[in-house]
Amino acid sequence: MRDYQRKKTKYILPRAVYNKTLWTIRDYHRIQDEVKTMIAVGGGKSEGPASGAPGDPTFRLAVKYADYLEILNAIDDAKANIPEEYREGIWNNIQYDVRYPRDAERSTYGHIKSRFVYEVAVNLHFV
């Protein structure tokens, strides 16, 4: 099962929170691209008021930008806490469903992955 959450660890999350956190992590590259688009000349997609309603598209864009930066920082901070030798294996497993490298026990990777996902959830205030 791809999105299996380990049960014998202290980093247990409610199922919905675990899945939400995993998919937020998997959305990392798209969010990075959105942030780059927002700061590019032109400010990205036009987000004008819907059906002529008054609004401040610049403010909405700024709020969205801040939210995206919060997500990226939460993931980067948790990723920095993964020991260097396991970082790529865990990242590739979450992002691309790649098997863990054979340089350590599978349970070691599983434990570190659980801690990483838990830290991201805490950083994003999901728990």
Side-chain angles (χ1 to χ4, degrees):
M1 181 185 228
R2 180 179 178 189
D3 294 336
Y4 171 77
Q5 180 178 193
R6 296 170 57 91
K7 301 295 180 205
K8 295 182 179 180
T9 181
K10 62 182 179 181
Y11 304 109
I12 298 290
L13 294 168
R15 183 178 178 92
V17 173
Y18 181 79
N19 287 326
K20 180 179 180 179
T21 306
L22 271 183
W23 283 103
T24 301
I25 295 168
R26 289 178 181 147
D27 202 24
Y28 183 86
H29 296 297
R30 184 195 65 82
I31 293 171
Q32 266 189 331
D33 292 342
E34 286 283 326
V35 167
K36 289 175 188 172
T37 302
M38 287 178 186
I39 59 176
V41 178
K45 301 174 192 157
S46 174
E47 295 190 15
S51 67
D56 187 350
T58 304
F59 177 75
R60 283 196 306 272
L61 188 63
V63 169
K64 190 174 187 179
Y65 181 78
D67 290 344
Y68 281 168
L69 282 183
E70 182 180 357
I71 292 169
L72 293 176
N73 288 334
I75 294 169
D76 288 337
D77 289 348
K79 192 175 174 184
N81 291 332
I82 299 173
E84 181 68 35
E85 60 270 21
Y86 303 113
R87 195 171 295 155
E88 185 178 346
I90 289 172
W91 186 254
N92 289 338
N93 177 262
I94 292 173
Q95 289 292 328
Y96 312 112
D97 199 26
V98 174
R99 289 179 181 247
Y100 297 127
R102 295 182 182 251
D103 58 355
E105 288 290 324
R106 188 171 166 264
S107 61
T108 302
Y109 275 101
H111 177 73
I112 296 170
K113 177 182 173 182
S114 293
R115 188 179 72 205
F116 170 63
V117 173
Y118 185 86
E119 285 182 23
V120 172
V122 169
N123 291 349
L124 292 173
H125 311 289
F126 291 167
V127 288

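Computed over heavy atoms, backbone and side chain alike; hydrogens, waters and symmetry mates excluded.
Considering only heavy atoms from C-beta on, E70 comes within 4.5 Å of H125 through its side chain. Side chains of V120 and F116 form a contact here, defined as non-hydrogen atoms less than 4.5 Å apart. For the pair Q95/I25, a side-chain contact is recorded, criterion being any heavy-atom separation below 4.5 Å from C-beta on. Using a 4.5 Å cut-off on side-chain heavy atoms (C-beta onward), Y65 and V35 make contact.
With 3.5 Å as the limit, one finds a donor-acceptor pair spanning the side chains of Y109 and D103.
To the nearest 0.5 Å, the span separating OG1 on T21 from CD on E119 amounts to 12.0 Å. Here S114 contributes atom OG and L13 contributes atom CG; the two are 8.5 Å apart, rounded to the nearest 0.5 Å. To the nearest 0.5 angstrom, Y86 atom OH is 10.5 Å from H111 atom NE2. Put simply, CD1 on I112 and OH on Y11 are 10.0 Å apart, with the number rounded to the nearest 0.5 Å. Expressed to the nearest 0.5 Å, how far OH of Y68 lies from CG of N73 amounts to 15.0 Å. Taking OG1 of T24 as the start and CD1 of I75 as the end, the distance is 6.5 Å to the nearest 0.5 Å.
Counted within 6.0 Å of NZ on K20, heavy atoms from surrounding residues, nucleotides or ligands total 12 or fewer; the atom is thus considered open. No more than 12 heavy-atom neighbours from other residues, nucleotides or ligands sit within 6.0 angstrom of CD on E88.
Residues N123 and A74 come closest through the heavy atom pair ND2-O, 3.1 Å. When every heavy atom of P101 is checked against every heavy atom of G89, the shortest pair comes out as CD-CA, 3.8 Å.
Connection of L61 to L69 is established within a shared hydrophobic cluster, with ILVMFWY side chains joined at heavy-atom distances below 4.5 Å, either directly or through further cluster members. Under the 4.5 Å side-chain heavy-atom criterion for ILVMFWY residues, a single connected hydrophobic cluster contains both I31 and I39. No single ILVMFWY cluster, assembled from side-chain heavy atoms under 4.5 Å apart, contains both I82 and V98.
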Evaluate side chain to side chain contact (heavy atoms under 4.5 Å, CB included) for Y28 paired with D76, printing each intermediate quantity in order. CA-CA 10 Å; Y28 183 86; D76 288 337; 2.6 Å; yes

Set out, in order, the CA-CA distance, both residues' side-chain angles and the distance that settles side chain to side chain contact (heavy atoms under 4.5 Å, CB included) for R99 and N93, then state yes or no. CA-CA 6 Å; R99 289 179 181 247; N93 177 262; 6.0 Å; no

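Residues satisfying the side chain to side chain contact (heavy atoms under 4.5 Å, CB included) criterion with R106, sequence neighbours excluded, are Y100.
One finds a salt bridge joining D27 and R30 here, because a Lys/Arg side-chain nitrogen approaches an Asp/Glu carboxylate oxygen to under 4.0 Å.
The aromatic rings of H29 and W91 lie perpendicular to each other, with more than 60° between the two planes, well past the 30° mark.
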